[in-house]
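The structure appears right after this line, and notes come after that.
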2 protein chains.
Amino acid sequence: MDLGERKKRILHAIINDYIETAEPVGSRTIAKKYLTDISPATIRNEMADLEDLGLLEQPHTSAGRVPSDKGYRYYVDEIMEVKYPTPQEIERIKYMLQITTINEIDKIIKRTTKLLSDVTKYTSAVLTPSMKKSFIKSLQLIKVTDTDVVAVVVTDTGIIKNVVIKTPKKVTDSTILKLNNILNEKLVGLSINDIGLSVISDIQNYMIEYSEIFSAVISVIYESLKEDNGEIYLEGTTNIFDYPEYDDKDRARSFLSLIENKELLAHIFSESSDNLCVSIGCENELDKAKDCSIVKATYNIADKNIGTIGIIGPKRMDYPKVVGVLKSISCILTEIFENNL
Amino acid sequence: MDLGERKKRILHAIINDYIETAEPVGSRTIAKKYLTDISPATIRNEMADLEDLGLLEQPHTSAGRVPSDKGYRYYVDEIMEVKYPTPQEIERIKYMLQITTINEIDKIIKRTTKLLSDVTKYTSAVLTPSMKKSFIKSLQLIKVTDTDVVAVVVTDTGIIKNVVIKTPKKVTDSTILKLNNILNEKLVGLSINDIGLSVISDIQNYMIEYSEIFSAVISVIYESLKEDNGEIYLEGTTNIFDYPEYDDKDRARSFLSLIENKELLAHIFSESSDNLCVSIGCENELDKAKDCSIVKATYNIADKNIGTIGIIGPKRMDYPKVVGVLKSISCILTEIFENNL
DNA sequence: TATTAGCACTCTAGGAGTGCGAGTGCTAAT
DNA sequence: ATTAGCACTCGCACTCCTAGAGTGCTAATA
C-alpha cells in the first residue's frame with residue numbers, strides 16, 4: 001500500500017504527536033506544529049482518507065484521530081527511521097555491561113534487563129538461553145553425602161545447572177568416578193534433545209553393575225534438563241504507571257498479570273523467528289497482550305540464536321528508539337558473549 | 001491498656017466489619033449486625049472514647065470509624081483469635097508441598113510461595129536461606145576448559161551455588177585435584193563468616209606452587225558467597241487490585257514498586273528477630289511500606305532459624321487467617337526440610 | 001481541479017448546584 | 001448508666017450546563 005508523500009507525512013506527524021502527548025490529534029495541531037505548508041482543511045480530508053484505509057481511528061465524533069494497530073504497523077514498516085544510540089551511549093552501555101569481577105552470564109543478563117528498562121522507560125524482559133538448544137560441555141557428579149549426589153551440567157552456552165539426586169542406595173567415591181567417566185564420555189557434545197532412549201540404553205550396557213544408581217541418576221538429570229526453558233528476568237514493571245493509557249485500573253491489572261506469569265512471558269519471548277520482531281496490539285496472540293506492544297530481539301551465544309531481549313509497553317511506544325536500543329544491545333551482548341565464553 | 005469488655009467487643013466488631021467491607025463503620029451497623037444488645041447511642045459514646053484513645057479514626061465528620069494502626073495493633077495483640085487451617089487443609093498443604101520427583105529446595109520454596117498467595121489472596125514472599133548463615137558441606141572445583149573452572153559449593157542448609165572462575169593460566173586435572181583436596185579439608189564445616197584472612201593465608205601455605213591459581217579461585221569464591229543474601233520469591237503481586245484501598249493509582253504504584261525492589265524485600269524479610277512478626281502500617285521502617293501490613297514467619301533448615309515466609313497486604317488484612325496460615329506453613333516447611341536434608 | 005476559508009454541528013470534559021443518606025454529638029428522658 | 005430523639009455535618013451521586021475542541025460540508029479561490 002503506497003499512500004503518497006503527503007499522506008505519509010500526515011500519518012507520521014499524527015503518530016509522532018500521539019506518541020508524545022497521548023491525546024487524540026486534530027487537524028489544527030498538525031497544521032500548526034508539523035506541516036505549516038498545508039491547511040487544516042486539507043489535512044482533514046487526508047485524515048478522513050487515512051481513516052477509511054484503517055490507519056487511523058476516532059475515539060468519538062469531534063475528537064481528533066488516534067493511530068490504529070494497522071497505522072502503527074504501517075509506521076513501523078514504512079515510515080519511521082530507527083533511532084540508534086549515539087556512539088557515546090554505545091560505549092557507556094558496553095562499559096556498564098562488561099565491567100564485572102565475576103563473569104557470570106546471569107549477572108550480565110540481569111544488568112542488561114535493568115539497563116533496558118532504564119534507557120527506554122518501559123518494562124524490559126530478558127530470556128536466558130534454554131537448555132534445549134545447548135550442548136553439554138561437561139557433566140560432573142559430586143558426592144555430598146552417601147546418598148546425596150549433585151550433578152553439575154555445564155553447556156556450551158554457558159548455562160550451569162545443578163541437579164540434586166537422592167540415590168536409592170549408598171554410593172562410593174569409586175562408583176561416582178566410574179559414573180562420571182562414562183557419563184562424560186557418552187553425553188558430552190550432545191544436546192538435550194539428542195538424549196533419548198537409545199543413548200540411555202547404550203550407556204546402561206556399560207554399567208550393569210551400577211544399574212540401579214544409574215537409572216536414578218540419569219532419569220533425574222534428564223527430567224531436570226528437559227523442563228528447562230530458560231529463565232525470564234524483568235525490570236521496570238512499574239513504569240507503565242507513567243503512561244496514561246494505564247490509568248485505568250483494569251488495564252493496569254491485566255498488564256501486570258500478564259507480566260507476572262513468567263511461563264507465559266517465556267513462551268512469548270522464546271518463539272523468536274526473526275532477529276528483531278515488533279508485535280503491535282492485536283498482532284499479539286495472547287488476549288492479555290492485545291493492548292500493548294512487544295518488541296524483541298535475539299542475541300547469540302556460541303553462535304546460536306538463543307536468547308531474547310525485549311520491551312513490553314503501550315502501543316503508543318517510541319518504536320524508533322526501542323528498536324534502535326534493542327538492536328544495539330543485542331549486538332553488544334552477542335559480542336560480549338563471543339569474547340567471554 | 002485494658003479497655004473493658006464492652007469496648008473490646010465494639011472494637012472487635014468494628015475491625016471485623018471494616019476488614020470485610022472496607023467501608024467506615026457506623027454505630028448503627030454495629031448495633032444491628034454485631035451487638036444487638038447495645039443501642040447505637042451507647043456505641044457512639046464508646047466509639048468516641050476509642051477515638052480519644054487513638055484506636056479509631058474518622059475519615060471526616062459524619063463518616064463512620066476506621067481502625068488506626070494502633071487499633072489494629074491492639075486487635076492483633078489482645079483481641080483476635082488466630083484461625084489455624086483445619087487438619088484437612090493442613091494435610092492438603094503437606095501433600096502439595098511434599099510430592100515432588102526432584103527434591104530441590106528451590107522447588108519447594110516456589111510452591112510454598114504460590115500456595116501462600118493462593119490461600120490468603122494477598123501477595124506472598126519467601127526468602128531462601130542466606131549463604132552467610134550456612135556451613136560449607138562440600139566444595140568441589142570442576143574443570144570445564146583449560147582456563148574455566150566452576151566451583152560448586154553445597155551447604156548444610158541445602159543451598160547449591162556455582163561460581164565461575166577464569167584462571168589466570170591453564171590448569172591441569174592434577175592441579176584441580178590437589179586444590180580440591182586442600183580446599184575441602186580446610187573449608188568444609190566453616191561458615192562464610194569464618195573464612196577470613198587467617199584461614200586463607202593458612203591454606204596458602206599448603207599451595208605455594210599453585211599460589212597464582214589459588215588466589216584467583218579463593219577470591220572469586222569468597223566474593224561470590226559473601227554477597228549472597230538469599231533470594232526472594234514473590235507470588236500474587238496483582239492480588240492487591242482486589243482491594244479497594246489500592247484503587248488509587250499512586251498507592252498501587254507505591255505498593256508495586258516496593259515489591260519490585262528485591263533487595264529491599266530481602267532486607268525486610270531477613271531481619272527476623274521473632275518467630276512470627278506482624279508489622280502494621282507506620283510500624284514498618286520503610287516509607288513505601290507505611291500503608292500496608294507485613295506478616296512474616298521463619299522456618300528452619302538444619303536446625304537454624306534461617307528462612308522467612310511472609311505476606312504483604314493492606315493494613316485491612318485478615319490477620320487471624322494470615323497469622324494462622326503462616327504459623328502452620330512455617331512449621332510444615334521446617335518439618336519437610338528436617339526429613340529431606 | 002486541488003486547496004482553503006467559513007460555518008454549523010457534535011461530542012466530551014469539567015464545573016456548579018442540589019438533594020439524599022449516612023453518621024455524628026448533644027440533650028433530655030428513662 | 002443507657003437510650004431515644006433531634007439538629008447538624010459532610011460527602012456522594014446526580015443533573016444540568018457551558019466551553020472548547022474537532023469534524024464534515026459547502027462555497028469560494030488560485
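Letters A, B, ... mirror the listed sequences (proteins, then strands); counts begin at 1.
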Please give, in whole Å, the distance from [N] [atom2] to [X] [atom1]?
{"X": "B/Asp49", "N": "C/dC26", "atom1": "CG", "atom2": "C1'", "value": "15 Å"}
{"X": "A/Lys7", "N": "C/dT3", "atom1": "NZ", "atom2": "P", "value": "10 Å"}
{"X": "A/Glu51", "N": "D/dG22", "atom1": "CD", "atom2": "P", "value": "15 Å"}
{"X": "B/Leu56", "N": "C/dT24", "atom1": "CG", "atom2": "C1'", "value": "14 Å"}
{"X": "A/Gln58", "N": "C/dC11", "atom1": "CD", "atom2": "C1'", "value": "10 Å"}
{"X": "B/Glu57", "N": "C/dT24", "atom1": "CD", "atom2": "C1'", "value": "17 Å"}
{"X": "A/Lys32", "N": "D/dG22", "atom1": "NZ", "atom2": "P", "value": "10 Å"}
{"X": "A/Asp52", "N": "D/dG24", "atom1": "CG", "atom2": "C1'", "value": "12 Å"}

Inset, instruction - Give a yes or no answer on whether the side chain of A/Asp17 reaches the backbone of A/Ile14 with a donor-acceptor pair at less than 3.5 Å. - result: no
Inset, instruction - Would you check if the side chain of B/Glu81 reaches a backbone N or O of B/Pro320 as a donor-acceptor pair within less than 3.5 Å? - result: no
Inset, instruction - Over all heavy atoms of both residues, which pair between B/Lys296 and B/Ile268 is shortest? Give the atoms and the distance, please. - result: NZ-O, 2.8 Å
Legend entry - Where A/Ser293 and A/Gly281 come nearest, the two heavy atoms and their spacing: OG-N, 3.8 Å
Side-chain N,O ([X]) to OP1/OP2 ([N]) below 4.0 Å:
{"X": "A/Thr61", "N": "D/dT23", "value": "no"}
{"X": "B/Arg44", "N": "C/dT27", "value": "no"}
{"X": "A/Arg65", "N": "D/dG24", "value": "yes"}
{"X": "B/Thr42", "N": "D/dT2", "value": "no"}

Inset, instruction - Please give the nucleotide sitting opposite D/dT3 as a Watson-Crick or G-U wobble pair, both distances under 3.5 Å, or none. - result: C/dA28
Inset, instruction - State the pairing partner of D/dC14; accept Watson-Crick or G-U wobble contacts with both distances under 3.5 Å, and report none otherwise. - result: C/dG17
Inset, instruction - Taking only Lys NZ, Arg NE, NH1 and NH2, and the carboxylate oxygens of Asp or Glu, determine whether B/Glu57 and B/Arg65 approach each other closer than 4.0 Å. - result: no
Legend entry - A/Glu245 bridged to A/Arg316 by N-O distance under 4.0 Å: yes
Legend entry - Residue closer to the 5' end of DNA chain D, B/Ala41 versus B/His60 (nearest nucleotide): B/Ala41
Inset, instruction - Return the orientation label for the A/Tyr243 and A/Tyr122 ring planes: parallel under 30°, perpendicular over 60°, tilted otherwise. - result: parallel
Legend entry - Candidate nucleotides D/dT9, D/dG24, D/dT2, ranked by approach to the side chain of B/Ser62 - the nearest: D/dT9
Inset, instruction - Can you sort out which residues in residues 21-28 of chain A have a heavy atom within less than 4.0 Å of DNA chain C? Ascending by number, please. - result: none
